[in-house]
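These numbers come from the heavy atoms of this one structure, side chains and all, not from hydrogens, waters or symmetry mates.
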Amino acid sequence: MKPYIDFRDTAVIHKEGEANRIDHWVNKLWRKGGLVHATLSQKLEFLYKNGRQEQVGMYLRNQNLRDPTFRAVYKKRGDCERTHNNIKSTVKFDVRKLRNSSKKLHVLANFVAYQILVLGHLQNNILPVQQLVLYY
């Protein structure tokens with residue numbers, strides 16, 4: 001996982017998020033099953049499951065700080081957020097006043113219906129694809 005979360009201009013590299021500190025804590029938790037020779041992703045998952053969530057977050061944040069292409073990739077996130085906002089405003093994900101047993105099915109059915117409408121627009125070359133105001 002590589003989250004693209006914006007950070008301030010004054011952000012600094014955290015020492016606890018360095019690879020050697022990751023190894024240190026995995027080694028320190030060897031009784032719980034920590035293996036220093038595991039892959040980095042396995043080590044991060046192990047630390048996350050054993051109460052070191054902040055340290056895993058520091059590692060991921062350090063990776064973003066060191067990535068020279070971060071700003072270019074982060075700019076693309078706006079398109080993704082706009083799409084999510086459009087989906088949330090079109091599809092009713094509100095499950096209040098529904099039985100607990102049917103909430104998951106309700107959300108899934110609404111999302112599948114949204115995907116079918118968008119697919120119909122794509123097949124019929126209707127632009128913009130996500131403009132579903134005609135269906136209200």
Side-chain angles (χ1 to χ4, degrees):
M1 173 176 91
K2 188 167 182 177
Y4 289 102
I5 300 169
D6 199 14
F7 47 84
R8 294 182 182 181
D9 295 333
T10 58
V12 295
I13 301 288
H14 287 281
K15 291 181 182 177
E16 281 298 313
E18 298 292 327
N20 61 345
R21 296 301 297 166
I22 299 288
D23 287 341
H24 168 80
W25 277 98
V26 169
N27 190 35
K28 197 168 184 174
L29 297 169
W30 68 272
R31 287 189 178 119
K32 292 185 177 182
L35 299 171
V36 178
H37 302 293
T39 64
L40 183 61
S41 62
Q42 290 171 334
K43 292 176 193 178
L44 292 173
E45 184 178 353
F46 171 76
L47 288 176
Y48 187 86
K49 289 180 179 177
N50 286 284
R52 302 292 300 175
Q53 294 90 354
E54 285 188 29
Q55 185 177 18
V56 173
M58 288 177 194
Y59 173 80
L60 295 172
R61 189 167 173 269
N62 286 352
Q63 298 308 304
N64 284 344
L65 285 169
R66 289 190 176 118
D67 186 5
T69 63
F70 175 79
R71 288 289 172 205
V73 174
Y74 185 75
K75 286 181 183 178
K76 294 178 184 177
R77 182 175 170 179
D79 295 334
C80 183
E81 292 296 329
R82 217 173 2 268
T83 300
H84 289 162
N85 191 25
N86 188 313
I87 291 171
K88 287 177 186 176
S89 66
T90 305
V91 180
K92 182 182 174 199
F93 288 109
D94 183 18
V95 291
R96 287 178 283 180
K97 299 181 183 178
L98 290 176
R99 290 184 177 197
N100 285 334
S101 60
S102 62
K103 287 180 181 180
K104 188 175 181 179
L105 181 63
H106 178 77
V107 170
L108 182 64
N110 281 337
F111 188 67
V112 169
Y114 176 82
Q115 289 178 324
I116 290 170
L117 289 172
V118 171
L119 180 62
H121 279 211
L122 284 170
Q123 289 177 335
N124 294 315
N125 295 322
I126 299 172
L127 296 175
V129 175
Q130 295 178 349
Q131 183 179 356
L132 303 174
V133 73
L134 303 173
Y135 297 103
Y136 286 113

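Here the straight-line distance linking atom CD1 of I13 with atom CD of E18 works out to 6.5 Å at 0.5 Å rounding. The distance from atom CD1 of I22 to atom CE of M58, rounded to the nearest 0.5 Å, is 9.5 Å. Between atom CG of residue N110 and atom CG of residue L105 there is a gap of 9.5 Å, rounded to the nearest 0.5 Å. Rounded to the nearest 0.5 Å, atoms CZ (F46) and CG (L29) are 5.0 Å apart. The distance from atom CD of E16 to atom CZ of R52, rounded to the nearest 0.5 Å, is 6.0 Å. Considering NZ of K32 and CG of L47, their distance stands at 10.5 Å, rounded to 0.5 Å.
Judged by distance alone, with hydrogens and angles left aside, the side-chain atoms of Q53 form a donor-acceptor pair with the main-chain N or O of Y48 at under 3.5 Å. Between the side chain of T69 and the main chain of A72, no donor-acceptor pair closer than 3.5 Å is present. The main-chain N or O of L35 is never found under 3.5 Å from a side-chain atom of K43 such that the two would form a donor-acceptor pair.
Connection of L108 to I116 is established within a shared hydrophobic cluster, with ILVMFWY side chains joined at heavy-atom distances below 4.5 Å, either directly or through further cluster members. Follow the hydrophobic side-chain contacts under 4.5 Å out from L117 and you never reach L119; the two are in separate clusters. Residues V112 and L122 are members of separate hydrophobic clusters, defined by side-chain heavy-atom contacts under 4.5 angstrom among Ile, Leu, Val, Met, Phe, Trp and Tyr.
For L44 against V56, the heavy-atom pair with the smallest separation is O-CG2, 3.5 Å.
Atom NZ of K49 has 12 or fewer heavy atoms from other residues, nucleotides or ligands within 6.0 Å. More than 12 heavy atoms of other residues, nucleotides or ligands lie within 6.0 Å of CZ in R66, so this atom counts as buried by the packing criterion.
Looking only at side-chain heavy atoms (C-beta outward), Y59 and Q63 come within less than 4.5 Å of each other.
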